[in-house]
Protein chains: 2
Amino acid sequence: MRIRDEEKVSLVKQKAIEGIVEYGFEGFSMNKLAKACEISVATLYIYFKGKDDLIISIAREEGDRMAAVFIENFHPDLSFEEGMRIQWINRYRYLQQNPITYLFFEQLRTSSYQVRFLEDFMVKFKVVISAFMHNVVSRGEMNAMPLEVFWSIAYGPLYSLVRFDQEGQSIGGKPFKMSDEVLWQTFGLVIKALKN
Amino acid sequence: MRIRDEEKVSLVKQKAIEGIVEYGFEGFSMNKLAKACEISVATLYIYFKGKDDLIISIAREEGDRMAAVFIENFHPDLSFEEGMRIQWINRYRYLQQNPITYLFFEQLRTSSYQVRFLEDFMVKFKVVISAFMHNVVSRGEMNAMPLEVFWSIAYGPLYSLVRFDQEGQSIGGKPFKMSDEVLWQTFGLVIKALKN
DNA sequence: ATTTTAAATGAATGAATATTCATTTATATT
DNA sequence: AATATAAATGAATATTCATTCATTTAAAAT
């Protein structure tokens with residue numbers, strides 16, 4: 001029995017992400033992907049059931065990797081500031097080290113594959129973040145608020161900032177460049193907003 | 001001379017936005033759009049030079065409408081809290097009254113048309129928001145910070161919250177529903193973060 | 001060395017894509 | 001009423017799309 005070339009499978013996944021990020025879903029096709037990988041289109045249909053399966057499989061796999069990073073060193077019973085800091089470190093590190101994959105997720109989020117992916121992903125955090133918030137509130141470190149409000153204040157600015165950095169949108173005079181200093185300056189303001 | 005049916009042109013623009021939002025750029029085509037409008041495909045090429053021109057024209061037009069709303073009643077020399085409140089009111093009102101158009105912009109932002117649109121749009125705000133921030137800082141109402149940091153804290157949470165509302169992503173137990181109360185609760189926290 | 005089995009392929013499929021064109025239709029001007 | 005002119009069309013274009021299939025290739029098992 002011939003054995004499957006796992007390197008080729010990895011190449012397909014990587015090139016798919018790159019292609020989708022570069023040309024959008026509207027400029028992505030199975031034929032182009034095969035060409036970019038220098039394999040036959042038919043081979044793609046050995047690895048995946050079809051285009052949808054390919055995209056969703058990759059999304060799920062990368063989503064799991066991302067979720068794993070986000071959750072590193074984090075426990076729901078950490079102090080408010082320490083828990084928040086670890087969440088910011090984890091997210092920032094992932095976004096910096098996986099800029100392409102992050103843009104891939106941004107594509108997904110506004111595509112027709114959105115729903116099927118996001119549900120799976122969110123479930124993993126719902127419980128742990130929810131528990132963290134509950135603990136922090138019951139210790140009086142933060143006021144009670146809807147989970148979505150907390151999420152928006154706690155992480156909204158971080159994602160916004162990373163987007164400025166990655167998309168190179170300079171709204172200020174000089175082009176914006178992310179740095180540890182800017183990151184923690186922003187973090188400080190977020191803590192100020194949430195902390196009692 | 002036969003006269004152009006402007007209602008038909010409007011219908012095309014509206015259906016284009018709806019189609020792109022519903023099926024994404026990957027599920028949008030000139031033929032489908034024509035069918036949805038019950039006109040000939042060829043007619044689309046009388047209104048627009050082609051697919052790209054159609055999308056960019058619509059984006060620019062809607063962008064101008066949005067920019068106009070955002071800027072209503074706003075002056076760079078308003079007090080910190082008043083200026084911020086007006087920005088939040090304007091943005092929130094637009095997002096609530098134009099949920100589809102907002103999702104259309106979200107699609108654009110992560111598509112291959114991104115750059116051509118965003119540059120035009122941002123330019124309109126750069127100056128006025130920049131001036132507002134400068135005034136506020138020089139009056140000592142807020143500490144100096146990069147414009148991007150300000151933007152991320154000031155508006156990041158609002159957009160994040162609206163997204164929770166519109167995409168119906170319930171990360172909390174019960175499905176999240178936006179309300180004036182939640183909006184101003186979040187606004188209060190943002191002010192707390194930024195105000196000296 | 002032969003057999004078995006799944007991987008990999010090249011070429012093809014019909015459907016959908018963006019765009020064009022010769023023709024028809026409606027209206028403003030003469 | 002006749003003419004001029006741009007709007008609107010239906011049908012066609014070549015190209016690209018996702019998917020399939022008969023065939024070949026490589027390696028594990030015999």
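Every chain is numbered from 1 and lettered A, B, ... according to where its sequence line falls, protein lines coming before strand lines.
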Value in whole Å for how far the [atom2] atom of [N] lies from [atom1] of [X]:
X        : N       : atom1 : atom2 : value
Asn31(A) : dT9(C)  : CG    : P     : 14 Å
Leu44(A) : dT20(D) : CG    : P     : 13 Å
Met1(B)  : dT24(C) : CE    : P     : 22 Å
Arg2(B)  : dT24(C) : CZ    : C1'   : 9 Å
Met30(B) : dT20(C) : CE    : P     : 10 Å
Phe25(B) : dA18(C) : CZ    : C1'   : 16 Å
Lys35(A) : dT16(D) : NZ    : C1'   : 11 Å
Glu38(A) : dA8(C)  : CD    : P     : 15 Å

Quick one: is [X] getting a side-chain N or O under 4.0 Å of the [N] phosphate, OP1 or OP2?
X        : N       : value
Ser40(B) : dA8(D)  : no
Lys32(A) : dC17(D) : yes
Lys8(A)  : dT9(C)  : yes
Tyr45(B) : dA8(D)  : no

remark   = Of the listed dA18(C), dA7(C), dG10(C), the closest approach to the Ala42(A) side chain comes from dG10(C)

With a non-hydrogen cut-off below 4.0 angstrom, is [X] in contact with a base, only sugar-phosphate, or nothing?
X        : value
Phe48(A) : nothing
Ile46(B) : base
Ser29(B) : sugar-phosphate

inquiry  = Return whichever of Phe28(B) or Val41(A) has its heavy-atom-nearest nucleotide of DNA chain C closer to the 5' end.
reply    = Val41(A)

request  = Inspect the surroundings of NZ in Lys192(A) and state if more than 12 heavy atoms from other residues, nucleotides or ligands are less than 6.0 Å away.
outcome  = yes

message = With no hydrogens and no angle check, just 3.5 Å: does a side-chain donor-acceptor pair link Ser112(B) and Glu26(A)?
response = yes

ask   = Does one side chain, of Arg4(B) or Tyr47(B), offer a donor that lies under 3.5 Å from an acceptor on the other?
value = no

request  = Go through the steps for Phe48(A) and Ile55(A) under the test side chain to side chain contact (heavy atoms under 4.5 Å, CB included), then give the verdict.
outcome  = CA-CA 9 Å; Phe48(A) 304 96; Ile55(A) 289 166; over 6 Å; no

ask   = Salt-bridged, Arg109(B) to Glu106(A), with N to O below 4.0 Å?
value = yes

